Amino acid sequence: MAEIILEAKGVSKHFGGLKAVENVDMEIYRGDIFGIIGPNGAGKTTFFNICSGIYEPTYGEILFKGEPIRNLNPEQIARKGMARTFQNIQLFKNMTVFENVRIGFHIRTKTRMFDAIFKNKTYQSDEEFVNEESMKIIDKVGLSAYKNTMAGNLAYGIQRRVEIARALALNPDILLLDEPAAGMNPIETNNLKEFIIKLNAEGYTIAVIEHDMKFIMSLTNRLLVLNFGEKISEGTPEIVKNDQNVIEAYFGKGKIAGGENS
Amino acid sequence: MLEVKNLIVNYGYISALRGIDFEVNKGEIITLIGGNGAGKTTTLMSISNLVPKTDGTIIFEDKDITHLPAHKVVMQGISHVPEGRKIFPALSVRENLITGTFGNKKMTKKDISDNLEKMFVLFPRLKERVNQGGGTLSGGEQQMLAIARGLMMNPDLIMLDEPSLGLAPIIVEEIFELILRIKEEGMTVLLIEQNAAMALQIADRGYVLETGNIIMSGTGKELINDERVRRSYLGD
Amino acid sequence: SNAPDSGGSGDSDVYKFAVFAPITGNYAEYGKGFEVATQMAADEINAEGGIDGKEIVLEVFDTKGDPKESADISRRVTENDEYLAVIGDFSSSNAMANAPILGEAGIVQLSPTASHTDYAGMNEYMFSIMGRQDGEAPFFSTYLLQKYAGAEDVGVIYINNDWGKSAYDNFMLQTEKDGLNVVSEENYVEGEKDFTSLLTKVRDSNPDTLALIMHANDVALIANQVNQLGWDVNLTALGPGTSMQIIELAGENVERLLLSTPFFITEENEEAWAWSEEFKSRAGFEPTVHPAVAYDTVYLLKAAIENIEGDVTRDAVREELQNLDGFVGLTGPIKFNESGDITRKYLIMEIEDGKFIQKTEFDYVD
Amino acid sequence: MDYYLMQLVNGLSQGAIYALMAIGYATIVGVVGMVTFTHGEVIMIGAYAAFYAFSFFAENLFLGIITSFAASWLLGIVIYKVCYERFFDSPRHIPLICTIGFSMLIKNLAQIVFGPNMKAMPQPIDLGFINVLGVRINTIQILIIVIVISLSTILYIVNSKTRWGIQLRAVSQDKKASALMGINVQRTTMIGNCIGCGLGGVAGMLLAIYYQSILPTMGGVLGLKSFISSVLGGLTNIPAAALGGILIGVTENLGTAFLSNSYRDVFAFVFLVLVLIIKPEGISKKVGGRP
Amino acid sequence: MISNTFENVKKIYKKHAKIINIVLIILLLIIPRLMPNSYLMGIVCRILMYATLAGSLNIINGYSGQFNIGHAGFFLIGAYTEAILATTYGWSFWPAMIIAGIVTSIVGFLVSLPTLRLRGIYLAIVTLGFSEIIRIIALNWTDVTGGPMGIKGIPSPELFGFRISGPVDYYYIFLIVGILFLFITNRILKSRVGRSWISIREDELAAKSLGVEANRAKSANFMYGAFWAGIVGATYAPYYKFIASDMFTLDEGFNILAMVIIGGQGTLIGPFVGASIATLISEVFRFASQYRMVIYAILIIVMMWWRPQGLVGAYDSILAGDDKSLKKRKKSITQKVGDN
Ligand SMILES: Nc1ncnc2c1ncn2[C@@H]1O[C@H](COP(=O)(O)OP(=O)(O)OP(=O)(O)O)[C@@H](O)[C@H]1O
Ligand SMILES: Nc1ncnc2c1ncn2[C@@H]1O[C@H](COP(=O)(O)OP(=O)(O)OP(=O)(O)O)[C@@H](O)[C@H]1O
Ligand SMILES: [Mg+2]
Ligand SMILES: [Mg+2]
């Protein structure tokens, strides 16, 4: 079995009396496309926020590449190789797409004030590297047409892609995506799925939260289901799909929803 | 009921809408579909007069509302559930819901508390969170709150901008059932959905928007069976 | 007829002085006083035929109380031969920022109010007539507090600016010599309105007399607040002079206030009273010491110019100002010492029934 | 010991004055959603309005309250039109600079119109005194304390319990969304701003009576103190802002008592910074966004 | 229309940046020879001084999005450090200036510590408090700062045996400081360091998630801005030869802030334009006597109404990207639809 890249051990997060996440265990293996699903308010985003260091867990421990990261802040965790996108898009709205992506290279470059002032070798090689790589990523995500557009002016669905591009610039070991397909139509969603699969093939481990079942079931190899902060099911899509708990709490049985019968 | 004529909107150099015409009849569910950046959100925003229009007229129940300030548009009985939810972060869930009633001066105290109860039945989640600050809700909870807030004023016309965004399948299902139900109660609905398949299923009529133009229109059935629509928006 | 590079307005038919004053900003009250008082003097002189037949023209420059602006204006004045001398600036900060510039250009800066001990000595072109605090403060300690009022335990409150600080320092030196018992000393930053906690603190040390080293407005505020505290203590003040403003602002609360002053404006003093009335009608408020000294500067310059034999140049003005003898202005006799300051003689005044009453003569010291 | 108690009471009564000003300030920030640097001038105008009312008509406290409230209300309209109305969507520093400019404008105009000198304020009420722990507290101070307590309570109730209060808070948080709810954003903001200004004006009158004097430049320090107080209270929470004012007053007075009056403002600021380090958004409870 | 002029000027500048810069610098170097009037040069000096000062504030407010309204405090520290070193310890100007910059930047670091947790107006009030605290300390710490008497007789700098005194000569010092500031800052802003500041301004959470150490970057930013304020303070002190605490009031801080915003926050050249405009207005309207500040205040407001983004601030940048990319975009959208 592959190496466990991200592991949660009995993680809880309480806001006052509210148990947003309660005693969750999880293992993500290198090379996984790992899905997290669950009803609204189940604690998925909160769980991501704990993994990426924005919140400190009330109880429990997160291990990233075998190291505990409970006391690290978001930037330290990012440096260790974790990148993420946000459910409420957090782009640099007044900067162009190109600039957004360039900032993603922060941890992969070394220029300091001194280097910049004298435009020495470090500076020059850094700039060259950043500019070239940024263009590559923008091409790869299919944003070349928007390269010089202010990110804030883009339509919702395109902003989501910019966020992914920016996260890729970190060249992370694991990429956390929080509802990446929200606001995309089925065709765009499908393109996104293929893109994620391609990334995975390139070696990125990916964890994704999504409510679009068609998307998630065909994309992931393992799933974690949360409800009221607790884990109610886990396993391959097949197992989860047929879990009675999950069906009741999450899928519903109506004619229209579920996305599987359009 | 609502008539949009030759609506043109420009953002600086970008023309987001290039002269669209459409109408919504009383009691209908109308849906606007189109890809990212087609101008759907812009259409709703310009009906609410939150973006400046370059040209065009908007008539609601025989009244020209093109140049009414945003809050007066609401007073006409048009409720708008915006993209990005726009919850008041430092108001509690209950207070957020109450802000939804400011647009209807005729509501009595009792109407308001009745409506509150209704919303809590519809979204039990909100009831559990009733005193929590709007800003700390989860994405989906905020979406529910935004929809509920839009319904609080008993509008004649409700404009929903991607109501299913970020909602769990079971809730999405409920939302669509809800839309059908409020239609039966006599409300008119103008709906934007990425999930065009579902939207067209419940819609009476639909318009297809592409780069700021309406390129097609028809009943929900017609559109759902149209080859081009299927290919471009339903992903079959 | 005079050399062009020596400056001055010998060949024009007016004598032009630049008046530097804070017309806007937080010191506008004083700036306005400067403007009105100097213009009063100029009008009077011109009405009587000017200086040797030439009119006096004043040009007022607003410095906003900002040394940077003041310095820039000084340069402007140095660039223009028309100005014979500078009257002002109000604050020591400004006057001292100007000193190197005006000194280098050889123009007199005659400040009515700058009382920083170092100011006038900065170069030979700098003059001040406020009276140095190594004159008034010792007088205040020895004669007003000790000899006249018989104070034993004194609480001192002073305003923490250049003037207040140097007055306070000189005062404290003298109290030590005099053996006066200073039981507490407190200061405050300009602009302070609430003195209750400070007064409570001073009261805790049980002084019989308060020595207030500050301007008229603050004396009034403190007197009012002393009254509100229900505190029975003798008040004495160094600084405000016989300003009606105090009585107007504090009314009964300043009854029996003792103060030292180099001159006074009261109804008995007819000439000064007429001046004061005229000032009030022009400015719209009661004069303090500041406009009175500003008024004198114009007459000082007049006297100096009248003494010049030969061409009226900037340098000649300096020379004659320095050597001027026997000048008596509204604010008393003025004679400059080596460094360009003056040492004044002082009187003791008391407020009785809402009026200033002179209590001692100039020879009280002897 | 008595002495320190006395200073504490001094601090409380001076704090009450800060609190009074901070209430108006917090009201403004609470609805406009932007800070203002004109509050000092609003206070000053209120004081002058009352001054002229007393001088020309009658030395009647009630008259003074009405005039100062009305004058500052009117000024509030101008401030709203000049500094806020067109900048709702702009970055915050722009209205901020406008308020700084406007404050400069009012202050300088006041010096020209009212004269630059300090004037004695008429005393419309006979001062009576009561003794608290050896400190004489006079009628005006009592009046101020009563007004502070009742205004905080009333405004708190209005703000947190009534529809109108919800409307005010909604407007301060998101103007676009408020418009979508059918709230007349412009009018609500303007009225909210005017109420805050009106309260500031009344505070100005009471202050002038208390200090028995007025001056066109009196606003500078006062505006700053009201700003500090309401920041300490979390900017928009009215009772907390009032409490902030009282804390600042007490800090200053105890600082003077224990150390030196020279560092009076330093005490206030250091106290504020310490509080902010512990509670970065002031002493009131805050609900806000989340990632 | 005027807005368009600004845009056009900017375009032309971008095209021939090198040549224009060289011509500009030569022009600037010979200005004092062209108008050796010490009054005019005095004003030019004041403009240059404020320009760099406003520029240094712009580093903090405009680029990292922190909100400092107490910049006068840093200015004070620079000026006092130089003055104390030069008068009490007899240091020569040049090392004293560098030390002043360093001391100020250390203070900047200390100020940045509490502000790391704070945002927006809460941060602003801490900087405001700092500015007042520093001023009151300067006013009361008589032994070192001269207290209310200030420090006088600050010696003029010397260079190769020349005494640099008077605006015509001193101009060069202000000019060189200004040019150095622009040159170095420009390089920093165009590097990883500058980008990290800007990213914090735009969205701190996102920046952190990308590995930008926000706290360190914010402190560094504060230190860098403070450093230049210190340098300007240090050049200011011997220029006026006398300093006192009342030269560094909150109003002075507001004044600097106004210059930044009038000129255009977040642009390199904005503060220079703002400083020129503000200084010139207050100089030109001197004839208006007591109405001068009224006019000045009105003009500030008018400018905010007219160009809220600042005189050289980017025009409608929030609304639209540049038109070239738009054309490309349209094409690609049509292509995409066609492909389907
Ligand atoms: N800062 C907070 N304070 C109080 N409650 C919070 C806070 N953050 C989250 N919660 C609550 O915790 C619960 C979990 O929120 P979370 O955002 O993790 O849900 P989610 O699973 O991502 O839901 P969704 O699918 O709707 O995005 C929600 O009920 C939310 O209201
Ligand atoms: N504030 C703005 N400034 C400039 N351009 C804008 C702005 N808002 C929207 N646009 C542009 O206008 C066009 C229409 O945008 P709109 O948001 O209406 O699209 P949409 O159909 O709602 O897309 P989505 O489905 O992604 O929400 C897009 O090209 C978008 O980039
Ligand atoms: Mg979520
Ligand atoms: Mg949209």
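It should be emphasised that the depicted structure is a prediction, and the values quoted were computed from it without experimental measurement. Chain naming here is simple, since letters A, B, ... match the order of the sequence lines and numbering starts at 1 in each.
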Supply the atom-to-atom distance [X] [atom1] to [Y] [atom2], rounded to the nearest 0.5 angstrom.
X        : Y        : atom1 : atom2 : result
C:Lys193 : D:Tyr210 : NZ    : OH    : 13.5 Å
C:Leu198 : D:Gln7   : CG    : CD    : 9.0 Å
D:Phe114 : C:Phe285 : CZ    : CZ    : 15.5 Å
C:Tyr158 : D:Ser262 : OH    : OG    : 6.0 Å
C:Asp194 : D:Glu252 : CG    : CD    : 8.5 Å
C:Leu221 : D:Ser213 : CG    : OG    : 4.5 Å

Minimum heavy-atom distance [X]-[Y], with the two atoms named:
X        : Y        : value
C:Gln228 : D:Phe129 : O-CE2, 3.5 Å
C:Ser197 : D:Asn10  : CA-ND2, 4.1 Å
C:Ala28  : D:Pro116 : C-CB, 3.8 Å

If you count heavy-atom pairs under 4.5 Å between each of [options] and chain D, which one has the most?
options                               : value
C:Gly230, C:Gly284, C:Ala220, C:Gly31 : C:Gly230
C:Asn26, C:Leu229, C:Asn160           : C:Leu229
C:Thr288, C:Val189, C:Thr200          : C:Thr200

May I ask you to list the residues in residues 236-252 of chain C that approach chain D closer than 4.5 angstrom, counting heavy atoms only, ordered by number?
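Only C:Gln245, C:Glu248, C:Leu249 of residues 236-252 of chain C have a heavy atom under 4.5 Å from chain D.
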May I ask you to decide if [Y]'s main-chain N or O and [X]'s side chain share a donor-acceptor pair within less than 3.5 Å?
X        : Y        : answer
D:Asn261 : C:Asn187 : yes
D:Gln111 : C:Thr24  : no
D:Lys107 : C:Gly25  : no

Let me know if [X] has heavy atoms under 4.5 Å from chain C in its side chain, its backbone, both or neither.
X        : result
D:Lys119 : backbone
D:Ile137 : neither
D:Asn108 : side chain

Is it true that atom [atom1] of [X] has more than 12 heavy atoms of other residues, nucleotides or ligands lying nearer than 6.0 Å?
X        : atom1 : value
C:Glu176 : CD    : no
D:Asn131 : CG    : yes
D:Tyr52  : OH    : yes

Can you find a pair of side-chain heavy atoms, one from C:Lys201 and one from D:Tyr3, that are under 4.5 Å apart?
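Heavy-atom side-chain distance check passes, below 4.5 Å.
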Side chains of C:Gln225 and D:Gln212: closer than 4.5 Å at any heavy-atom pair?
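No, their side chains stay 4.5 Å or more apart.
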Contact origin within C:Asn253 toward chain D - heavy atom pairs under 4.5 Å:
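Only the side chain of C:Asn253 comes within 4.5 Å of chain D.
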Donor on one side chain, acceptor on other, D:Asn117 and C:Glu29, under 3.5 Å:
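On atom types as modelled, these side chains do not qualify, holding no pair under 3.5 Å.
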